[in-house]
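Side-chain atoms are counted along with the backbone in the values below, which use heavy atoms only and exclude waters and symmetry mates. Here the structure is a predicted model, which is why all the values come from computation and not from measurement. We count ligands from 1, going down the list as the structure has it; atoms in each ligand are counted the same way.
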Amino acid sequence: MNKILLFGKGGRLGSALQRYYPDIVGISKADCDITNLAAVQRVIKQVSPTTIINCAVVSDVAYCEQHPQHAWDVNVRGVRNIAEAARENGAYMVHFSSDYALYPVNEYGWTKLASEALIRYGITIRTKFFDASYWLYQALMTGQTVELFTNTVINPISIYSLIPYVLLLIEKKPVGIINIGTRARISHYDLGMQICAAFKINKELIIPKNAFTMNYNYPLDTFMDLRDLTQLGLSLVNIEEDIQIFKKQVLTWKDENL
Ligand SMILES: NC(=O)c1ccc[n+]([C@@H]2O[C@H](COP(=O)([O-])OP(=O)(O)OC[C@H]3O[C@@H](n4cnc5c(N)ncnc54)[C@H](OP(=O)(O)O)[C@@H]3O)[C@@H](O)[C@H]2O)c1
């Protein structure tokens, strides 16, 4: 039987994975700081998982620029600790990277790229996801204006379409790097427009912005090639279908939590 241990249970992806699959043993930073090898080894030995998912990360891009040492400690050294302890215990590892690793131009992207080389028996999932806590969705739903890049190329996926792929991959146990996104080739601006259309939000809330105006380097083209997904026999989803899945999940979740 597959016993899954998850680092980063309190984060966006970690908490969603736990919501979908309550049998996962979730570990928070308070339970185990992944920069501490002995603590990581202790937890992994104690739980004895067959699969380890790593969602622990320092993910704030601007923060990583200001605090590169902390970013490297968690996003690289922490991953090395988990990978080392996973190897000692013969566990398969599922590590999350980012589309930023495709075109690394800032500290966050560099740390994510470096982390990918540390996974041996396991898979690194490169993705760009959005969920109900996504700042863009939250801002639009509360009637705030948002500035969105028009000169970026992305193929994002909602967390609700991403998670079923993750579970299928855990069953298939491929090794290497795999990209997970939608069949889209859009900018952040286009994504905002699609969310407005699906939720009937005023599109004038979206103000076009040039990514060059950011005060740190922003990757422009992080479109992810999805051929490896199809080669594994997994079908792709269009961004339009994905946004409908997102909408359905968000509205169901809202109803259940009122
Ligand atoms: N969000 C995105 O759009 C996106 C896109 C592509 C890829 N990803 C990747 O997906 C993964 C999950 O991202 P996310 O957005 O869910 O992250 P997140 O919401 O920022 O959550 C990160 C989690 O890591 C934990 N953490 C931080 N430092 C730790 C440490 N030293 N030891 C143990 N735990 C620690 C945090 O715990 P505390 O809350 O206690 O600090 C938090 O629960 C990451 O690998 C990220 O690079 C994210």
Checklist entry - Would you say Thr35 has any N or O atom under 3.5 Å from an N or O of ligand 1, going by distance alone? => result no
Item to check | Atoms of ligand 1, numbered as shown, that sit under 4.0 Å from any heavy atom of Ala56 | outcome: 24 (O), 34 (N), 35 (C)
Checklist outcome for this item: The answer for which part of Phe129 has a heavy atom under 4.0 Å from ligand 1 is both
Next on the checklist: For the aromatic rings, using the six-membered ring if either is Trp, is the centroid distance between Tyr137 and Phe130 under 6.0 Å?
Outcome noted: no
Checklist outcome for this item: Residue, atom and distance of the protein heavy atom nearest atom 33 (C) of ligand 1 read Cys32 O, 3.4 Å
Checklist entry - What protein heavy atom sits nearest atom 16 (O) of ligand 1, and how far away is it? => result Leu13 N, 2.8 Å
Next on the checklist: With a 6.0 Å cut-off (strictly less than), is the heavy-atom count around NZ of Lys45, excluding the residue itself, greater than 12?
Outcome noted: no
Item to check | Ser115 vs His95 side-chain heavy atoms within contact, under 4.5 Å | outcome: yes
Next on the checklist: Could you go through Thr182 and Asp242, starting from their C-alpha distance and side-chain angles, then the distance that decides it, and tell me whether this counts as side chain to side chain donor-acceptor pair (under 3.5 Å)?
Outcome noted: CA-CA 8 Å; Thr182 47; Asp242 184 34; 5.1 Å; no
Checklist entry - Looking only at protein heavy atoms, which one is nearest to atom 20 (O) of ligand 1, and how far off is it? => result Ser59 OG, 2.7 Å
Item to check | Electrostatic pair Arg126:Glu116 at N-O distance under 4.0 angstrom | outcome: yes
Checklist entry - Passes side chain to side chain donor-acceptor pair (under 3.5 Å), Asn2 versus Thr51? Steps please. => result CA-CA 7 Å; Asn2 221 345; Thr51 299; 2.9 Å; yes
Item to check | Cation-pi, Tyr100 ring and Lys112 (6.0 angstrom, 45 degrees) | outcome: no
Checklist entry - For ligand 1, is there an atom lying under 4.0 Å from some heavy atom of Phe7? => result no
Checklist entry - Ser15 near ligand 1, heavy-atom distance under 4.0 Å? => result no
Item to check | Minimum-distance protein heavy atom relative to atom 29 (C) of ligand 1 | outcome: Lys29 CD, 3.6 Å
Checklist entry - Is Ser97 touching ligand 1 with its side chain, its backbone, both, or neither, if touching means heavy atoms under 4.0 Å apart? => result backbone
Checklist entry - Does a side chain donor of either Gln194 or Asp190 reach within less than 3.5 Å of an acceptor in the other side chain? => result no
Checklist entry - Any nitrogen or oxygen of Asn54, main chain or side chain, under 3.5 Å from a nitrogen or oxygen of ligand 1? => result no
Checklist entry - So how far is it from Lys128 NZ to Leu191 CG, rounded to the nearest 0.5 Å? => result 9.5 Å
Item to check | Protein residue, atom and distance nearest to atom 31 (N) of ligand 1, heavy-atom basis | outcome: Asp33 OD1, 2.9 Å
Next on the checklist: Rounded to the nearest 0.5 Å, what separates atom CG in Leu13 from atom SG in Cys55?
Outcome noted: 4.0 Å
Checklist entry - To the nearest 0.5 Å, how far apart are OG1 in Thr124 and CG in Asn179? => result 10.5 Å
Checklist entry - Is there any N or O on Gly14 that sits under 3.5 Å from an N or O of ligand 1? => result no
Checklist entry - Based purely on interatomic distance, does Phe96 place a nitrogen or oxygen under 3.5 Å from a nitrogen or oxygen of ligand 1? => result yes
Checklist outcome for this item: The closest protein heavy-atom partner of atom 19 (O) of ligand 1 is Arg12 N, 2.9 Å
Checklist entry - To which protein heavy atom is atom 44 (C) of ligand 1 closest, and what is the distance rounded to 0.1 Å? => result Val57 CG1, 3.5 Å
Checklist entry - Do other residues, nucleotides or ligands put more than 12 heavy atoms under 6.0 Å from the CZ atom of Arg120? => result no
Next on the checklist: Quick check on contacts: which atoms of ligand 1 are under 4.0 angstrom from a heavy atom of Gly10?
Outcome noted: 43 (O)
Item to check | Gly78 heavy atom under 4.0 Å from ligand 1 | outcome: no
Item to check | Minimum non-hydrogen distance to atom 6 (C) of ligand 1, winning option of Thr127, Ile34, Thr124, Asp60 | outcome: Thr127
Checklist entry - For ligand 1, is there an N or O atom under 3.5 Å from any N or O atom of Lys128? => result no
Checklist entry - Taking atom types as modelled and ignoring hydrogens, do the side chains of Asn210 and Asn151 form a donor-acceptor contact shorter than 3.5 angstrom? => result yes
Item to check | atom 36 (C) of ligand 1 within contact range, any protein heavy atom under 4.0 Å | outcome: no
Next on the checklist: Would you say the rings of Tyr218 and Tyr103 are close, in the sense that their centroids are separated by under 6.0 Å?
Outcome noted: no
Checklist entry - If you measure every N/O of Tyr108 against every N/O of ligand 1, is any gap under 3.5 Å? => result yes
Checklist entry - Would you say atom 39 (O) of ligand 1 has a protein heavy atom nearer than 4.0 Å? => result no
Item to check | Lys9-ligand 1 polar pair, N/O distance under 3.5 Å | outcome: no
Next on the checklist: Among all protein heavy atoms in this structure, tell me which lies nearest to atom 23 (C) of ligand 1, with the distance rounded to 0.1 Å.
Outcome noted: Cys55 O, 3.9 Å
Item to check | Polar contact flag for Gly11 and ligand 1 (N/O pairs, less than 3.5 Å) | outcome: yes
Checklist entry - Heavy-atom distance under 4.5 Å between the side chains of Ile159 and Tyr134, does that happen here? => result no
